[in-house]
Amino acid sequence: MKDKEMGEIVCTDCGYVLARNLVDSRPEWRAFDTEQRKKRTRVGAPMTFTIHDKGLSTMIDWHDKDIYGKRLSPGQKAQIYRLRKWQRRIRVSDATERNLAFALSKISKMGNALNLPKHVLEGASLIYRRAIKERIIRGRTLEGVVAGAVYVACREAKLTRTLGEVARASEVNKKEVGRNYRFLVNKLGYHIPPLKPGQYVTKFSNQLTMQGMVEEIAHKTLETAKEARLTSGRAPTGIAAAASYIASVLTGERKTQREIAEIAQVTEVTIRNRYKELVEELNFIITL
DNA sequence: AAGACGAAAGTGGTTGA
DNA sequence: TCAACAACTTTCGTCTT
């Protein structure tokens, strides 16, 4: 057992001191929130990965001279050449390695914000690794690709995370997430069926804290919508939002369009449009 | 005053020549 | 590769409750 105060490693069973005079690796400052931690931490990932070393690492230069300016012997020259070669190789793998580590930490951060189960995060990581392997990230921001990968993983796992939610949890906008999502799906050959509006209805109902009956009506509404072929080509979230709205009105548990639009991440106008179409089909009475 | 409604113009993506 | 097109958004004025 390590005892940082005493600087010793002590066996907890017999009390034998295995090592003493250890260096305390803990910081000498304390941070009470992430804001402070950010300010006080003096080490960590560099701000940019495009220039991997930011001039911090030592390079073997190309002059075949030693520090006194004398020319090297042929034997030394060969050795230096080999060293240079290896340094080049190590540097490259080091940079991509760090890049990957950075991306993975971003993924888990997003996972926290989105409440994603672990296997989805692993899926996202795998997707990112594949993206690196296929060399298709060039020219794209790391954040964008990460967000795209997370969204792909969600869709694969049939989770009802919307583009907007993923975008909020990342550092890029909705458009970027969508672009990267499509890009990844294309390049990595994923086949992802669109989510059913019904799944969104369930989700929205929960977020709106509606009664079970309201959700039931919303699902019924969707059924008729499907039969009327109003679902094809339309955004599932929009239809689900409209169905939820209708159900809330029907049961008297009225929610405003704005409320629903807010959590469904669509506009009120879209809800209205779907809603109008649906009501035309729903002129037969729904009773429960 | 808030919510619902709808027209009009703009956006980004898909499709078909 | 480009233009037409459908779905969706933004904005804003009007009507309803």
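Below, chains carry the letters A, B, ... as their sequence lines are ordered, and counting in each starts from 1. Just the heavy atoms: all of them, side chains too, but no hydrogens, waters or symmetry mates, feed the values below.
- Projected onto DNA chain B by closest heavy-atom contact, Lys276(A) and Arg258(A) fall at different nucleotides, the more 5' of which corresponds to Arg258(A).
- Contacts between residues 175-192 of chain A and DNA chain C, counted as heavy-atom distances below 4.0 Å, involve no residue at all.
- Lys203(A) pairs by the side-chain hydrogen bond (donor to acceptor under 3.5 Å, both in side chains) definition with Glu165(A), not counting sequence neighbours.
- For the residue pair His219(A) and Gly198(A), the shortest heavy atom distance occurs at NE2-O, 3.2 Å.
- Smallest separation of non-hydrogen atoms from Ala131(A) and Ile137(A): O-CG1, 3.8 Å.
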Pairs under 3.5 Å (Watson-Crick or G-U), crossing ones as [ ], inter-strand ones as |: DNA chain C comes out as |||||.|||||||||||
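- In this structure, Thr267(A) reaches the bases: a heavy-atom distance under 4.0 Å links it to at least one base atom across the strands shown.
- The CZ atom of Arg254(A) sits 11 Å away from the C1' atom of dT16(C) (whole-angstrom rounding).
- Salt-bridge annotation for Arg179(A) and Glu176(A): present, with a side-chain N of the basic residue lying under 4.0 Å from a carboxylate O of the acidic one.
- Without hydrogens or angle criteria, Arg130(A) side chain to Leu188(A) main chain gives a donor-acceptor distance under 3.5 Å.
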List the atom pairs, donor and acceptor, that lie under 3.5 Å between side-chain atoms in residues 111-124 of chain A and the rest of the protein, sequence neighbours left out.
none

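- The interatomic distance linking Gln265(A) (CD) with dT10(C) (P) rounds to 11 Å, in whole Å.
- Remark: P of dA6(C) and CZ of Arg274(A) are 13 Å apart, rounded to the nearest angstrom.
- Arg229(A) places its CZ atom 19 Å from the C1' atom of dA6(C), with the value rounded to the nearest Å.
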Assess the residue pair Val177(A) and Val172(A) against the criterion (side chain to side chain contact (heavy atoms under 4.5 Å, CB included)); give the C-alpha distance rounded to whole Å, side-chain angles, the decisive distance to 0.1 Å, and a yes or no. CA-CA 7 Å; Val177(A) 180; Val172(A) 294; 3.6 Å; yes
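- Distance Arg272(A) CZ to dG13(C) C1': 12 Å, rounded to the nearest Å.
- Looking at heavy atoms from C-beta onward, Gln211(A) lies out of side-chain contact with Thr251(A) at the 4.5 angstrom threshold.
- If you check every strand for non-hydrogen atoms under 4.0 Å, Gly238(A) touches nothing.
- Residue pairs meeting the ring pair (Phe, Tyr, Trp, His ring centres under 6.0 Å) criterion with at least one partner in residues 139-179 of chain A, sequence neighbours excluded, are Tyr151(A)-Tyr181(A).
- Counting only heavy atoms from C-beta outward, the side chains of Phe204(A) and Glu215(A) never approach each other to under 4.5 Å.
- Residues Arg168(A) and Gln265(A) form a side-chain contact, since some pair of their non-hydrogen atoms from C-beta on lies under 4.5 Å apart.
- The footprint of chain A on DNA chain B, defined by a heavy-atom cutoff below 4.0 Å, extends from dG3(B) to dT14(B).
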